[in-house]
Amino acid sequence: MPTPKRITVKAPAKVNLSLKVGALDANGFHPVETVYQAVDLYDDIVATHDDILRLTCEGEGAELAGNGPGNLAWRAAELLAKHAGIEPQVHLHITKRIPVAGGMAGGSADAAGALIACDALWQLGTPREELLALAAQLGSDIPFSVAGGTALGRGRGDELTTMMARGEFHWVFALSNEGLSTPAVYNEFDVTSPDAPTPEVSPALIAAIAAGDVRAAAKHFENDLQVPAIRLRHSLNATLRAGREAGALAALVSGSGPTCAFLARDADHAIELAIELQASGAVHRTVRASGPVRGAHVISID
Ligand code: ATP
């Protein structure tokens with residue numbers, strides 16, 4: 001195959017339908033059991049050849065994501081090159097739509113996208129299992145950003161099991177104009193729940209997802225980081241209330257927040273919900289998305 005000049009990858013945001021968190025372990029980590037769902041809100045990652053590693057970023061919160069080694073996509077390109085025994089000669093250009101520090105795994109999406117894009121640009125053909133192992137080295141949510149769909153995450157969230165999943169979930173996300181730091185939310189969790197039990201996702205949720213019963217699933221959505229996130233950002237209470245009053249099937253903080261996720265009955269209801277949330281004055285901005293969708297994937301090769 002001729003050497004590709006340019007690879008374009010789409011990488012999805014995620015929402016946790018359930019995020020159960022255990023007490024801090026001896027290694028300083030929180031065990032989790034979580035149900036991830038990838039949704040059709042995407043960052044784009046374009047990889048082209050360069051003499052050195054270069055990164056540029058535009059769009060939603062681009063200035064916060066950074067253009068250097070602090071950007072997870074940069075680290076992903078470096079790690080894959082090291083793994084393959086080559087130099088990381090690539091220009092990565094990221095178009096951000098996933099809110100930065102929004103609890104929707106935007107950085108993880110970009111890292112997953114960079115792994116997939118560089119693997120294709122450098123024609124490495126890295127086996128899927130190796131890509132997932134590299135992803136886990138970069139961050140707990142990154143294997144899921146590669147895998148997509150609906151999956152159960154255990155351990156630090158990186159031990160994935162694909163779930164039987166039917167049905168389409170229509171979401172409205174309420175975005176904040178300022179992010180929340182994931183470590184700060186976990187620190188607050190330690191204060192509120194120092195003796196949290198072993199995390200376990202409700203079997204009823206898993207059964208409802210397998211049956212494609214979206215309404216039944218919504219009754220079992222949970223997020224152990226919701227209370228600590230609200231303690232750090234009291235205004236989230238009003239945001240969640242506005243969604244419930246507007247008739248959302250479920251209202252919860254997404255991951256570590258501050259994005260709030262509202263489940264709608266169908267696509268039309270999602271539009272109504274978004275309008276009502278916006279009118280409530282309790283929400284900065286809304287975006288609609290549905291899931292599950294596939295993980296980071298190549299959309300064009302030039
Ligand atoms: P999670 O849901 O995985 O906890 P998040 O969605 O809350 O993550 P991110 O958008 O991934 O948060 O960003 C968290 C921090 O990571 C940001 O404050 C930013 O400095 C840093 N970061 C590094 N790379 C990126 C990237 N490509 N996009 C966004 N943030 C990035």
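Ligands are counted one by one from 1 in listed order, and the atoms in each one are counted from 1 as well. Note that the coordinates shown come from a computational prediction; the quantities given were computed from them, not determined experimentally.
With respect to atom 28 (N) of ligand 1, the closest heavy atom belonging to the protein is Lys96 NZ, 3.1 Å. At the top of the distance list for atom 6 (O) of ligand 1, counting protein heavy atoms only, stands Ala105 N, 2.8 Å. The single protein non-hydrogen atom nearest to atom 31 (C) of ligand 1 is Ala65 CA, 4.1 Å, given as residue, atom name and distance. The protein heavy atom nearest to atom 7 (O) of ligand 1 is Gly103 N, 2.8 Å. Scanning all protein heavy atoms for the shortest distance to atom 11 (O) of ligand 1 gives Gly107 N, 2.8 Å. Of the protein's non-hydrogen atoms, Ala101 N, 2.8 Å is the one closest to atom 10 (O) of ligand 1. From the protein, the heavy atom lying nearest to atom 20 (O) of ligand 1 is Leu64 O, 3.4 Å. For atom 30 (N) of ligand 1, the nearest protein heavy atom (residue, atom name, distance) is Val100 CG1, 3.8 Å.
Taking the six-membered ring where the residue is Trp, Trp171 and Phe173 present parallel rings, their angle staying beneath 30° rather than reaching 60°.
Here the closest non-hydrogen pair linking Ala77 and Val90 is CB-CG1, 4.2 Å. Here the closest non-hydrogen pair linking Pro258 and Leu180 is CD-N, 3.4 Å. Of all heavy-atom pairs spanning Cys118 and Leu80, the tightest one is CB-CD2, 3.7 Å. Closest non-hydrogen pair, Ile209 versus Met163, comes out as CD1-CE, 3.9 Å. The minimum heavy-atom distance linking Lys20 with Ser18 is given by the pair CG-OG, 3.8 Å. Closest approach of Ala109 to Pro12, counting heavy atoms only: CB-O, 3.5 Å.
Atom CZ of Arg244 is surrounded by more than 12 heavy atoms from other residues, nucleotides or ligands within 6.0 Å.
At a threshold of 4.5 Å between non-hydrogen side-chain atoms, the residues Asp224 and Ser193 do not count as touching.
Counting heavy atoms closer than 4.0 Å to ligand 1, residue Ala111 contributes nothing at all. Under 4.0 Å from ligand 1, not a single heavy atom of Ala73 appears. Residue Thr182 touches ligand 1 through its side chain alone, judged by heavy-atom distances below 4.0 Å.
Distances from ligand 1 to the non-hydrogen atoms of Cys57 include no value under 4.0 Å. Ligand 1 lies less than 4.0 angstrom from a heavy atom belonging to Gly70.
Counting the atoms of ligand 1 from 1 in the order shown, those under 4.0 Å from a heavy atom of Gly102 are 5 (P), 6 (O), 7 (O). For ligand 1, the atoms closer than 4.0 angstrom to any heavy atom of Pro99 are 10 (O). Of all atoms in ligand 1, listed by their number and element, those nearer than 4.0 Å to a heavy atom of Lys14 are 2 (O).
Considering Asp110, Ile45, Leu55 only, the shortest heavy-atom separation from atom 27 (N) of ligand 1 involves Asp110.
At a distance under 4.0 Å, no protein heavy atom can be found next to atom 16 (O) of ligand 1.
Residue Leu72 has at least one nitrogen or oxygen atom sitting less than 3.5 Å from a nitrogen or oxygen atom of ligand 1, judged on distance alone.
Counting only residues at least two apart or in different chains, ring-ring contact (aromatic ring centres under 6.0 Å, His included) contacts with residues 255-290 are absent.
A side-chain donor-acceptor contact under 3.5 Å links Thr239 to the backbone of Ala282.
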Would you list the atom pairs, donor with acceptor, under 3.5 Å between side chains in residues 134-149 and any protein atom, with sequence neighbours excluded?
| residue | atom | partner | partner atom | Å |
| --- | --- | --- | --- | --- |
| Ser140 | OG | Arg156 | O | 3.3 |
| Asp141 | OD1 | Tyr36 | OH | 3.0 |
| Ser145 | OG | Asp141 | O | 3.4 |

